[in-house]
Amino acid sequence: MTGLTTLGQFIIEKQADFPYAKGELSRLLRDIGIAAKIVNREVNKAGLMDILGDAGSTNVQGESQKKLDVFANDQFISALRSGGECCIVVSEENDEYLYIDSEISKNAKYIVAMDPLDGSSNIDVNVSVGTIFSIFRRKSTEGKATLEDVLQKGVDQVAAGYVIYGSSTMLVYTTGKGVNGFTLDPSIGEFCLSHPNMTIPKDGHIYSINEGYYTHFPDGVKKYIKYCQVEDEATNRPYTSRYTGSMVADLHRNMIKGGIFIYPITAQAPNGKLRLVYECNPMAFIIEQAGGFASNGYQRILTLDVTELHQRSAIFIGSCNMVKRAEEMMACFSPQITKTSFEGVVNIQ
Ligand code: AHM
Ligand code: MG
């Protein structure tokens, strides 16, 4: 006995939490874990191989795809296809949802939505990237699963997780009974339980937002940023600002230390940038299960209607009290974006 609990062992132990389950969800999570290990291997040696840089293609959102985006997408799809428990995959990298049409998947009940490599603009500079996944049970009981099966609200997720390829690689997931984190031990090639029952502090002192877009934010966001920066001993302000450009890394840090991550609507992204189905909803499920909260500024993320595969949303997510405070600011000020005038700012020619 090593005293270590591997992801595989943990998943099997936890299967008893779902008395009706026949092990399909466990197998699905195992398949995702396997794909994550393969992606991790490539991310780790990316600098040594011809796998850095653009793939020369764009996704449905018009964003240029990195070679590793495409590689990670292929790996996850292939693991889900050979596992046989998934009937549909939705991916940031695919315009349409993908049926898994194989003999072993013909009775599959689960739909997986994913961002195979989030924060991929960071790959070329060796900064953490991540994978985000969300799992639903199909609602229809016969025939092929339909778009209706895919467009479920966040509250209907049965599991969600992320993988962070950072200074160490971790897989963090929830099935609605708390959040557990596993660190990849490269010497044995296994994810091992390292962060049982993860909880996010109710309060924090880190705020994560791309302040470069300040003039393009709604007034409530501007006021919240100013609130974070004001000195106040009682509330431990000013807060500190941390933003990597990888949502998974920023949220993982904030989950451990306490903090808020915000990607609001902006003048350029009037519906927000991040995608509801495979970025906001899974992260909201995980953070809520850890005791935090996620909102679009006005409404709980998990209750938002889902009408499109690649729908975008604003997101305020993290420590409960911080998100509630940001929501208060949003309620007090106009949702309109009024460009800030920088009177008094000196232009140096
Ligand atoms: P991606 O899925 O194309 O990688 O985009 C999502 C990423 C998030 O991880 C990150 O928080 C955000 O985009 C950064 O965007 P910006 O550069 O506009 O701040
Ligand atoms: Mg992404």
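Hydrogens, waters and symmetry mates play no part in the numbers below; they use all other heavy atoms, side chains included. Bear in mind the structure is a predicted one, so any value in this text is a computation, not a measurement. Just follow the structure's listing: the first ligand is 1, and inside any ligand the first atom is 1. We count residues from 1, following the sequence as given.
Contact annotation for D115 and ligand 1: only side-chain heavy atoms (C-beta onward) come within less than 4.0 Å of the ligand. Looking at D250 against ligand 1, nothing comes within 4.0 Å, counting heavy atoms.
Electrostatic pairing of D115 and R275 does not count as a salt bridge here, judged by no charged N lying under 4.0 Å from a carboxylate O. The residues E24 and R27 are annotated as not salt-bridged, no charged nitrogen and carboxylate oxygen being separated by less than 4.0 angstrom.
The one candidate from R81, K106, K144 that meets the salt bridge (charged side-chain N to carboxylate O under 4.0 Å, His left out) condition with D101 is K144.
At least one N/O-N/O distance between R275 and ligand 1 falls below 3.5 Å. Below 3.5 Å of separation, one finds an N or O of G119 facing an N or O of ligand 1. Remark: ligand 1 and V248 share no N or O pair separated by less than 3.5 Å (distance only, no angle test). Here's the thing with E92: one of its N/O atoms is less than 3.5 angstrom from an N/O atom of ligand 1.
For the pair K226 and Y214, the cation sits on the ring face: its NZ or CZ lies under 6.0 Å from the ring centre, inside 45° of the axis.
Checking side-chain atoms of S246 against main-chain N and O of V248 turns up no donor-acceptor pair under 3.5 Å. Between the side chain of S194 and the main chain of T183, a donor-acceptor pair closer than 3.5 Å is present.
Ligand 1 places these atoms under 4.0 Å from at least one heavy atom of F261: 11 (O). Those atoms of ligand 1 that come under 4.0 Å of a heavy atom in Y243, given as number and element, are 11 (O), 12 (C), 14 (C), 15 (O), 16 (P), 19 (O). Which parts of ligand 1 touch M247 is read off a 4.0 Å heavy-atom cut-off, strictly below it: atoms 8 (C), 9 (O), 10 (C), 11 (O). Taking every non-hydrogen atom of E279 and a distance limit under 4.0 Å, the qualifying atoms of ligand 1 come out as 2 (O), 6 (C). For ligand 1 and S246, the ligand atoms under 4.0 Å from any heavy atom of the residue are 9 (O).
Comparing I132, I123, D118, D69 by heavy-atom distance to atom 7 (C) of ligand 1, the nearest is D118.
Other members of a hydrophobic cluster containing I12 are absent, since no ILVMFWY side chain comes under 4.5 Å of it, directly or through relayed contacts.
Using a 3.5 Å distance cut-off with no hydrogens or angles, the side chains of N122 and T244 do not pair a donor with an acceptor.
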